[in-house]
Amino acid sequence: CLVLMTLPSLTLFFQADYSTGTGESRQISLADGSQLYLGADSAISEDFRGKERRIQLLKGEAFFDVVPDQSRPFVVNTDKLKVTVLGTRFNVVVGKLSESVSVASGKVAVQNQQTEQAETFAQHLLPGDQLTLATTGTLSLSELAIEDVGSWRDRRLYVQDSAIADVAATLQRYHTSRIVFVDGDMENQRVTGAYDLAAPDQALESLVSPYQGKIHRLPGLLRIVMR
C-alpha cells in the first residue's frame, strides 16, 4: 500500500527538472533568458533542444515571462492544453476539475490536447483573458484584472466562477494537512473571491462557510470538510 501511495510522487520526481514543496515557490531562469515562477507543490520538465522551447507542467501552477524569439515558439503543455507563444506573460494552472490559462501581457494560442485535431480554440487570448477547460470537456472564457493574473506570487489568490474543488486544490499546495471533502456536491459549487494563501486555514473557512461547510481538524493530519 505504501508503494502504491508513493508511486505517483516518485514518478513525478524522476520526470521533473524543477519542483517545489508545500508552501514553497521558486523563480527559475531558463536557458533562453525567460523567467519561470513555479508555485507551491508544483513541477515542470523542460526541453529546449528542438525548434520549440518546450515546458511540460506536470503538476500545480506556473507563471511565465517569456523572451521573444520569432524562430523558436515557447510551448507549455499540460495533460489537456497546449499553450503557444512568442513572447508574453501568462499563468497556467492544473486543478482538480479543470485546467486554465490566463494572460497578463501579449497574446497566446491555446489548443486542446485531448482531441486529435490541431484545432485552436475560437480566439487567441489577450491580456486579462482566462480560458478554463473542465475535465468534463466544458470550455469557458472569463476576464481577470491583469494584476490578478498570477497573483499567487504575492500569496494572494483571486478566482472567478471557479469550482470549490479547484480552489481547494490550490489551498492544498500551501497546507501541510490533507484537505478532504466528504460532500462531493460542495466541491462542484462555483465561487468568486479573494483568498490569502499565507493563511490557508482561514482561506478554507472563507471558501466553504457560505455553503454551510464545517471543517473538522485533526492537527497536522487532516482538514475534513462536511456539511
Problem set entry | Evaluation steps, side chain to side chain contact (heavy atoms under 4.5 Å, CB included), between Leu81 and Asn112 | CA-CA 5 Å; Leu81 298 174; Asn112 189 347; 5.6 Å; no
Exercise. So, the side chain of Asp154 versus the backbone of Arg156: is there a donor-acceptor pair under 3.5 Å, distance only?
Worked result: no
Exercise. Are Ile215 and Leu204 side-chain neighbours, meaning at least one heavy-atom pair lies under 4.5 Å?
Worked result: yes
Exercise. Looking at side-chain heavy atoms only, is the closest gap between Pro73 and Leu86 below 4.5 Å?
Worked result: yes
Which atom pairs, one a donor and one an acceptor, fall under 3.5 Å between side chains of residues 220-227 and the rest of the protein, sequence neighbours left out?
from, atom 1, to, atom 2, distance (Å)
Arg223, NE, Asp201, OD1, 2.9
Arg223, NH1, Ser177, OG, 3.4
Arg223, NH2, Asp201, OD2, 3.2
Arg227, NE, Tyr211, O, 3.2
Arg227, NH1, Asp183, OD2, 3.2

For this session: Mark yes or no for whether Arg72, through its side chain, and Phe48, through its backbone, hold a donor-acceptor pair below 3.5 Å.
Result: yes
Exercise. Passes side chain to side chain contact (heavy atoms under 4.5 Å, CB included), Val159 versus Thr192? Steps please.
Worked result: CA-CA 5 Å; Val159 298; Thr192 296; 5.8 Å; no
Exercise. Can Met186 be reached from Ile179 by stepping across I, L, V, M, F, W or Y side chains whose heavy atoms are under 4.5 Å apart?
Worked result: yes
For this session: Treat each ILVMFWY residue as a node, draw an edge where side-chain heavy atoms are under 4.5 Å apart, and state whether Tyr158 and Val92 are in one component.
Result: no
Exercise. With a 4.5 Å heavy-atom cut-off, do Ser45 and Gln56 have their side chains touching?
Worked result: yes
Exercise. Are there more than 12 heavy atoms of other residues, nucleotides or ligands under 6.0 Å from atom CD of Glu24?
Worked result: yes
Problem set entry | Rounded distance [0.5 Å steps], CG in Asp148 versus CD in Glu143 | 12.5 Å
For this session: Please tell me if the side chains of Leu38 and Ile44 come closer than 4.5 Å, counting only heavy atoms from C-beta onward.
Result: yes
Exercise. Among the clusters formed by ILVMFWY side chains lying less than 4.5 Å apart, do Trp152 and Leu36 turn up in the same one?
Worked result: no
Seminar exercise, completed: Those residues at least two apart in sequence (or on a different chain) that pass ring-ring contact (aromatic ring centres under 6.0 Å, His included) with Phe74 are Phe64
Exercise. About how many Å separate CG of Asp129 and NZ of Lys107, when rounded to the nearest 0.5 Å?
Worked result: 11.5 Å
Exercise. Between Arg153 and Phe63, is NZ or CZ placed under 6.0 angstrom from the six-membered ring centre and within 45° of the ring axis?
Worked result: yes
Exercise. Of all residues at least two apart in sequence or in a different chain, which pass the side chain to side chain contact (heavy atoms under 4.5 Å, CB included) check with Ala198?
Worked result: Arg155, Asp196
Problem set entry | Single-linkage hydrophobic cluster, 4.5 Å side-chain cutoff, Leu133 and Val85 together | yes
Problem set entry | Between Gln35 and Gln27: side-chain donor-acceptor atoms closer than 3.5 Å | yes
Show me the donor-acceptor pairs within less than 3.5 Å that the side chains of residues 94-103 make with the rest of the protein, sequence neighbours left out.
from, atom 1, to, atom 2, distance (Å)
Lys96, NZ, Glu187, OE2, 2.8
Ser98, OG, Asp166, OD2, 2.6
Glu99, OE1, Thr78, OG1, 2.4
Glu99, OE1, Lys80, N, 3.3

Exercise. Which residues pass the side chain to side chain contact (heavy atoms under 4.5 Å, CB included) test with Ala203, sequence neighbours left out?
Worked result: Leu171, Tyr195
For this session: Answer whether the closest heavy-atom distance between the side chains of Tyr37 and Asn91 falls below 4.5 Å.
Result: no
Exercise. Between the side chains of Gln172 and Asp41, does any donor sit under 3.5 Å from an acceptor?
Worked result: no
Exercise. Shortest non-hydrogen contact from Pro127 to Gly106?
Worked result: CD-O, 3.1 Å
For this session: Apply side chain to side chain contact (heavy atoms under 4.5 Å, CB included) to the pair Lys82 and Val110, showing each step before the final yes or no.
Result: CA-CA 6 Å; Lys82 177 181 179 181; Val110 186; over 6 Å; no
Exercise. In terms of hydrophobic clusters joined by side-chain contacts under 4.5 Å, are Leu197 and Leu144 together?
Worked result: yes
Exercise. Between His175 and Thr22, is any pair of side-chain heavy atoms under 4.5 Å apart?
Worked result: no
For this session: Mark yes or no for whether Thr20, through its side chain, and Ser25, through its backbone, hold a donor-acceptor pair below 3.5 Å.
Result: no
Exercise. Does Ala40 offer a backbone N or O that forms a donor-acceptor pair with the side chain of Arg173 under 3.5 Å?
Worked result: yes
Exercise. Crowded around Arg190 CZ? As in, over 12 foreign heavy atoms under 6.0 Å?
Worked result: yes
Problem set entry | For Gln202, side chain to side chain contact (heavy atoms under 4.5 Å, CB included) partners two or more places apart | Ala199
Exercise. If we only count heavy atoms from C-beta on, is the Thr132 to Leu139 side-chain gap below 4.5 Å?
Worked result: no
For this session: Flag the pair Ser142 / Gln130 as yes when at least one side-chain heavy-atom distance between them is below 4.5 Å, and no otherwise.
Result: yes
Problem set entry | Evaluation steps, side chain to side chain contact (heavy atoms under 4.5 Å, CB included), between Phe90 and Val149 | CA-CA 7 Å; Phe90 63 100; Val149 177; 5.9 Å; no
